[in-house]
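Presented below is the structure to which this report refers.
Reckoned from all heavy atoms, side chains included, excluding hydrogens, waters and symmetry mates. One-based numbering, in listed order, for ligands and for the atoms of each.
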Amino acid sequence: MDKFLIRGGRNLRGKIEISGAKNSALPCLAATLLTPETVTLHNVPYVKDLITQRRLLEDLGATVLTPELRTHKVSAANVEVFEAPYELVKTMRASVLALGPLLARFGQAKVSLPGGCAIGTRPIDLHLKAFEQLGANVSLESGDVVARAPKGRLIGAEINFEKVSVTGTENVMMAAVLAKGKTTIHSAAREPEIEDLAELLNKMGGRIKGAGEETIEIEGVENLGGAEHTIIPDRIETGTFIVAAAITYGELEIKNCHPEHLKAVIEKLRETGVEIDELNQSTLFVKCSTKGLEAKDVTTEPHPKFPTDMQAQYMALMTQAEGSSSISETIFENRFMHASELMRMGANIHISGNTATVRGKTKLLGAPIQASDLRASASLVLAALAAEGETVVNRVYHIDRGYETIVKKLRNIGADIDRITDNIALSAE
Ligand code: UD1
C-alpha cells in the first residue's frame with residue numbers, strides 16, 4: 001500500500017490550480033446514462049473515484065472516450081446491463097448514483113446496497129423512499145436494491161426529504177427528469193454540485209428549476225439528448241489548499257477556483273486570522289497573518305454552512321491556533337478518526353460525543369500515522385506539512401480517491417513530500 005513520506009516545516013509558496021469537483025463529476029457521469037446521445041464532460045478530475053465511476057459506466061455497456069485526460073465523452077446508447085455490483089459499490093458509495101438514471105431511462109435498476117463506512121452507517125433509505133414516491137417498486141434482494149417502475153416510467157411526485165441529502169437529491173433529480181409529470185423536491189440539498197448537475201441536465205433537455213435552493217421543481221420530459229459541460233472547480237480541494245497555506249505560514253495563489261462556493265469556509269478561516277484576498281472571480285491569494293492564528297469554534301452543517309468535508313482539515317489547523325476551539329460534527333456520527341492520529345503527533349484534542357475540543361497551539365512532531373478516510377487523510381497531510389521532522393502517512397489510497405496529483409501539486413509549491421509506492425503510481429502523478 002502506498003505511503004507518503006513528508007518532511008514538515010516548509011512554508012508553501014507559489015501558485016496552485018484547482019481541479020474539477022469530484023462530487024460534481026460523479027453525478028454528472030451518472031447522468032450520461034439518461035440519454036442514448038453523447039455527453040461530453042470537461043474538467044473531470046483524474047482521481048480514483050472517477051476511474052471507478054467510469055468503470056461502472058463501461059460495465060453497464062456505455063462507451064467512454066477520453067480524448068484528453070480530463071475530458072470524458074460518454075455514449076450510453078448500448079446500455080444493456082442495469083446492475084452495479086457489490087465489488088464496485090463497496091469501493092465507492094457514489095455508485096448508488098446509477099440508481100436514479102437507470103430507473104428513469106430503463107424502468108429498472110439493481111445496485112448493491114452500500115454498507116456502512118469509516119465515517120458512519122450512511123444509509124440510503126431516503127433515496128429509496130423517494131423512488132417509491134415516484135412510483136417505483138423497491139425491494140432488497142440478497143444485499144441488492146432492486147427497483148422497477150411498474151409501467152416502465154416513473155411518475156412525478158411531491159418529495160419531502162426528512163434530512164438533507166446531497167446524493168439523495170441528485171438521485172431524485174436524475175430519476176424525476178424523465179418521469180411523467182411534475183416533481184417537487186422539498187428540503188433539497190443546496191450544494192453547488194446540485195446546481196452543476198441541474199445545469200447539465202437542463203443542457204440535455206431537462207426542465208429543472210430551483211437547484212441550489214430548498215425547493216426544486218422538475219417538469220418531466222420524454223427524452224434527453226447530448227450535451228457538453230464543464231465541471232465546476234472543487235471547493236473542498238480549494239479549502240484544503242487555503243489551510244495548507246495557513247498551517248505552513250506560506251503564501252499561495254489559488255487559481256481556477258470558485259470562492260462563491262466556499263463562503264462559509266473563507267469566512268471562518270478569516271476569523272481565525274488567515275488572510276484571504278479575492279484577486280478575481282476565480283483566484284484567491286492566501287497567507288497567514290503575522291499575528292498567528294486564533295482558535296474559533298465551528299459546527300458542520302449542510303450548504304451554505306460550514307461543510308463536513310472541511311472539518312478534518314480545520315481541526316489540523318486549530319492545533320496551530322492559540323486557545324481552545326470546539327468543533328461540532330452534525331452530519332456524520334463517526335467523523336473524528338483523524339483526531340487520534342493528530343494526537344499521536346502532539347495535538348491536544350478531547351472528544352465528547354459529536355464535539356472535539358482542540359487546545360492549541362501545540363507543537364506537532366512527525367510520526368507514522370494512518371489515514372482512515374478521504375478528508376481525514378487530507379487533515380493528516382496538512383498536519384505533517386506543519387510538523388517538525390518526518391511523517392509517514394499510511395493508507396494514502398484514501399486521498400487518491402479525491403485529490404488529483406496531490407504529491408505533484410504540493411511539491412510544486414515547495415513541500416517535501418514523496419510517495420513510496422508498492423505498485424505503479426497514478427500515471428498523472
Ligand atoms: C455527500 C458527499 C460527501 C459529503 C456529504 C455531506 C458526494 C459523492 N459525497 O455524501 O462528500 O460529506 O454529501 O455533505 O457528493 N442520510 C440518511 N439516509 C439517506 C441519505 C443520507 O440518513 O438515505 C444521512 C447520512 O447518513 C448523513 C446525512 O444524511 O448523516 C447527509 O448525508 P448525504 O448528504 O446523503 O451524504 P452523501 O450524499 O452520501
Query raised in the report: Quick check: does Lys22 get an N/O under 3.5 Å from an N/O on ligand 1?
Result: no

Query - Side-chain donor/acceptor of Arg335 to backbone N/O of Thr330, under 3.5 Å - result: no

Query raised in the report: Any ion pair linking Lys203 and Glu199 (charged N to carboxylate O, less than 4.0 Å)?
Result: yes

Report summary line: The answer for which part of Val164 has a heavy atom under 4.0 Å from ligand 1 is backbone

Report summary line: Filtering Ile331, Asp373, Val166 for the heavy atom nearest atom 27 (C) of ligand 1 leaves Ile331

Requested in this report: Quick one: list whatever passes salt bridge (charged side-chain N to carboxylate O under 4.0 Å, His left out) with Glu301, sequence neighbours left out.
Outcome: Lys305

Query raised in the report: Do Ser165 and ligand 1 have an N or O pair less than 3.5 Å apart?
Result: yes

**Report entry** Residue list, ring pair (Phe, Tyr, Trp, His ring centres under 6.0 Å) with Phe161, at least two apart or on another chain
**Finding:** none

Report task. For the residue pair Gln320 and Leu364, establish whether any side-chain heavy-atom pair is separated by less than 4.5 Å. Result -> yes

Requested in this report: Could you say whether the N/O atoms of Leu26 and ligand 1 ever approach to under 3.5 Å?
Outcome: no

Query raised in the report: Which distance, rounded to the nearest 0.5 Å, do you find between the CD of Glu195 and the CD1 of Ile208?
Result: 12.0 Å

Query raised in the report: Roughly how far, to the nearest 0.5 Å, is CD1 of Ile18 from CD1 of Ile232?
Result: 12.5 Å

Report task. Between Asn23, Thr330, Asp309, flag the one that comes closest to atom 4 (C) of ligand 1 by a heavy atom. Result -> Asp309

Requested in this report: Please examine the side chains of Leu126 and Lys163, heavy atoms only from C-beta on, and report whether any two atoms are closer than 4.5 Å.
Outcome: yes

Query raised in the report: Counting heavy atoms only, which of Pro123, Ala189, Gly402 comes nearest to atom 17 (C) of ligand 1?
Result: Pro123

Report task. Just let me know how His303 lines up against ligand 1, side chain, backbone, both or neither, with a heavy-atom cut-off below 4.0 Å. Result -> neither

Query - His127 neighbourhood, listing ligand 1 atoms whose heavy-atom distance to it stays under 4.0 Å - result: 23 (O)

Query raised in the report: So, does Arg335 sit close enough to ligand 1 that a heavy atom of it is under 4.0 Å from the ligand?
Result: yes

Report task. For Thr308, counting its heavy atoms only, list the atoms of ligand 1 lying under 4.0 Å from any of them. Result -> 6 (C), 12 (O), 14 (O)

